[in-house]
Amino acid sequence: MIRQGKGKKDRMIPIGERAVQWIDRYQNELRAALAVGRHNTTLFLTNSGEPFTPNRLTQMVREYVNAARLGKTGSCHLFRHTMATLMLENGADIRYIQAMLGHAELSTTQIYTQVSIRKLKEIHTATHPGKVRTARLPAGAVERPDKPAQHDPSAEDVLAALAAEAAEEDGDEASPLVGS
């Protein structure tokens, strides 16, 4: 049970087996030493045995994220956002993600679908069997390694690539797809 989490809301969320193992290790190896003489039921304690203040975990995570030099800034919310995005990309129903994040409105959770749609477009562009093959050059063209590849081919590029593929399949030099 998460008490007073994001938005000061309580919510029940699942916890993975690996996380449970780490919490057990913390409780067995560290927490008992931190809580000497105290009857505090708070799970996570500071080095002085006191419960974390509401912003302490945020501060610690922000410091670790900065120290890791991930190229991103953030704290606990970064992990929350990443978890939701990856779950969505791995096929989780958005309503389950909504419940886990504690969003009252589905529209709030749908922000994460924009990230997923971006990923979907990227995967489609990279893997679709009908994509324009950039390795093929039009007849008479010279490869220019100093010139960056185009990421968004024009309609003419697509038609030329289709014509080249059709010509290759037919064994012809030209294709009816290319107009004059």
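Everything quoted here is computed from the prediction, not taken from an experiment.
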Seminar exercise, completed: Applying salt bridge (charged side-chain N to carboxylate O under 4.0 Å, His left out) to R25 and not counting sequence neighbours gives E29

For this session: Answer yes if L78 and M83 sit in the same cluster of Ile, Leu, Val, Met, Phe, Trp and Tyr residues linked by side chain heavy atoms under 4.5 Å apart, and no otherwise.
Result: no

Exercise. Are more than 12 heavy atoms from other residues, nucleotides or ligands located less than 6.0 Å from atom CG of N28?
Worked result: yes

For this session: To the nearest 0.5 angstrom, please state how far the OG1 atom of T125 sits from the NZ atom of K121.
Result: 6.0 Å

Problem set entry | With D24 via salt bridge (charged side-chain N to carboxylate O under 4.0 Å, His left out) - residues at least two apart | none

Exercise. Do any pairs count as a ring pair (Phe, Tyr, Trp, His ring centres under 6.0 Å) and have a residue in residues 3-35, sequence neighbours left out, and if so which ones?
Worked result: Y26-F44

Pair up each side-chain donor or acceptor in residues 67-75 with any protein partner under 3.5 Å, not counting sequence neighbours, and list the distances.
none

For this session: With sequence neighbours left out, write down each residue that passes side-chain contact (heavy atoms from CB on, under 4.5 Å) with L57, or none if nothing qualifies.
Result: F52, V61, C76

Taking distance alone, no hydrogens or angles, what donor-acceptor pairs closer than 3.5 Å link side-chain atoms of residues 99-106 to residues at least two apart or in another chain?
residue: H103; atom: ND1; partner: T109; partner atom: N; Å: 3.4
residue: H103; atom: ND1; partner: T109; partner atom: OG1; Å: 2.7

Problem set entry | All ring-ring contact (aromatic ring centres under 6.0 Å, His included) counterparts of H77, not counting sequence neighbours | none

Exercise. Cluster question for you: counting only ILVMFWY and a side-chain heavy-atom cut-off of under 4.5 Å, with indirect links fine, are L86 and I97 together?
Worked result: no

Exercise. If two hydrophobic side chains count as joined below 4.5 Å and joins carry through other members, does Y96 share a cluster with I13?
Worked result: no

Exercise. How many angstroms lie between CZ in R62 and CG in N55, if you round to the nearest 0.5 Å?
Worked result: 8.5 Å

Problem set entry | Non-neighbouring partners of E50 that pass side-chain contact (heavy atoms from CB on, under 4.5 Å), sequence neighbours left out | R38, T46, S48

Exercise. What residue pairs, at least two apart or across chains, pass ring pair (Phe, Tyr, Trp, His ring centres under 6.0 Å) with a residue in residues 1-20?
Worked result: none

For this session: Please collect all salt bridge (Lys or Arg N to Asp or Glu O under 4.0 Å) contacts where either partner lies in residues 77-98, sequence neighbours excluded, each pair once.
Result: D93-R95

For this session: Provide the closest heavy-atom pair for L45 versus A35 in the form atom of the first, atom of the second, distance.
Result: CD1-CB, 3.7 Å

For this session: Kindly compute the distance separating CD1 (I111) from OG1 (T85), expressed to the nearest 0.5 Å.
Result: 10.5 Å

Seminar exercise, completed: Sorted by chain and number, sequence neighbours left out, side-chain contact (heavy atoms from CB on, under 4.5 Å) with E17 holds for Q21

Problem set entry | For Q59, all residues meeting side-chain contact (heavy atoms from CB on, under 4.5 Å), sequence neighbours excluded | R56, E63

